[in-house]
Amino acid sequence: MDKPCKEQVLASSSGWLAATLNLFPGLGAGYIYQRRWVPYFITGGVATAWIVLGAVLNGEAEPTKTEQLIGIVGLFSISITTMIEAKIAHKKAIFALEEKL
């Protein structure tokens with residue numbers, strides 16, 4: 001039995017499930033489902049950098065409501081971006097497999 005290629009694994013996954021996992025739990029859980037490790041670690045690094053940047057810029061002071069909203073909107077933006085990218089990658093994988101056939 002042959003080992004499936006990356007496109008086959010990605011195309012056999014559910015695109016809507018990967019997108020949903022990237023949106024609701026956030027931080028790239030859909031990439032784990034798709035077995036795409038590089039985007040998962042990039043997403044984790046970007047989210048960590050966003051949180052660390054907020055902590056460094058805020059210093060010792062308690063964050064205001066506006067600063068809290070900026071942090072939440074930033075993390076939500078990361079989730080939306082990864083959701084869209086996961087869906088696009090799924091469609092590209094399906095298209096690539098159809099081209100091979």
Side-chain angles (χ1 to χ4, degrees):
M1 180 176 229
D2 292 332
K3 185 176 180 182
C5 67
K6 287 173 41 174
E7 286 89 12
Q8 289 173 328
V9 171
L10 184 55
S12 68
S13 67
S14 173
W16 69 268
L17 181 59
T20 304
L21 286 172
N22 274 342
L23 178 64
F24 288 117
L27 306 178
Y31 290 139
I32 295 173
Y33 170 71
Q34 290 180 325
R35 295 183 189 107
R36 297 177 57 213
W37 304 110
V38 173
Y40 171 71
F41 288 117
I42 290 172
T43 302
V46 169
T48 302
W50 181 253
I51 293 169
V52 169
L53 179 67
V56 168
L57 290 177
N58 196 34
E60 295 292 321
E62 190 71 26
T64 64
K65 295 285 184 187
T66 304
E67 291 169 341
Q68 291 175 358
L69 184 62
I70 290 169
I72 291 170
V73 167
L75 291 175
F76 185 69
S77 298
I78 292 169
S79 294
I80 291 290
T81 304
T82 59
M83 179 189 80
I84 293 168
E85 194 279 332
K87 186 66 175 168
I88 290 170
H90 180 258
K91 285 186 178 188
K92 283 184 180 179
I94 290 174
F95 184 70
L97 285 178
E98 288 175 352
E99 290 276 318
K100 286 182 182 179
L101 295 177

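Just so it is clear, the model here is predicted, and its values are computed rather than measured.
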Exercise. Is there a path of hydrophobic side-chain contacts, each under 4.5 Å between heavy atoms of I, L, V, M, F, W or Y residues, that connects I88 with M83?
Worked result: yes
Exercise. What distance do R35 atom CZ and K6 atom NZ have between them, rounded to the nearest 0.5 Å?
Worked result: 13.5 Å
Problem set entry | Cluster overlap Y31 with Y33, hydrophobic side-chain contacts below 4.5 Å | no
Exercise. Of the non-hydrogen atoms in Q34 and V9, which two are nearest, and what is the gap between them?
Worked result: O-CG1, 4.2 Å
Seminar exercise, completed: When every non-hydrogen atom of T82 is compared with those of N22, the smallest separation belongs to O-ND2, 3.1 Å
For this session: Enter the distance from T48:OG1 to L53:CG here, rounded to the nearest 0.5 Å.
Result: 12.0 Å
Seminar exercise, completed: Applied to residues 88-101, the side-chain hydrogen bond (donor to acceptor under 3.5 Å, both in side chains) test, sequence neighbours excluded, yields none
Seminar exercise, completed: What one should report as the nearest heavy-atom pair of A11 and A93 is N-CB, 4.0 Å
Problem set entry | Joint hydrophobic cluster, I32 plus L27, side-chain heavy atoms closer than 4.5 Å | no
Exercise. Can you name the side-chain hydrogen bond (donor to acceptor under 3.5 Å, both in side chains) partners of E7, sequence neighbours left out?
Worked result: none
Problem set entry | N58 CG to T64 OG1 distance, which is reported to the nearest 0.5 Å | 7.5 Å
Exercise. If you round to the nearest 0.5 Å, how far is CG of L23 from CG of L21?
Worked result: 9.5 Å
Exercise. For S14, which residues count as a side-chain hydrogen bond (donor to acceptor under 3.5 Å, both in side chains) partner, sequence neighbours excluded?
Worked result: W16
Seminar exercise, completed: So OG of S13 and CD1 of I94: to nearest 0.5 Å the spacing works out to 7.5 Å
For this session: Could you tell me how the ring of W37 sits relative to the ring of Y40: parallel (under 30°), tilted (30 to 60°) or perpendicular (over 60°)?
Result: perpendicular
Exercise. Out of curiosity, does I42 fall in the hydrophobic cluster containing L75 (side-chain heavy atoms, cut-off under 4.5 Å, transitive links)?
Worked result: yes
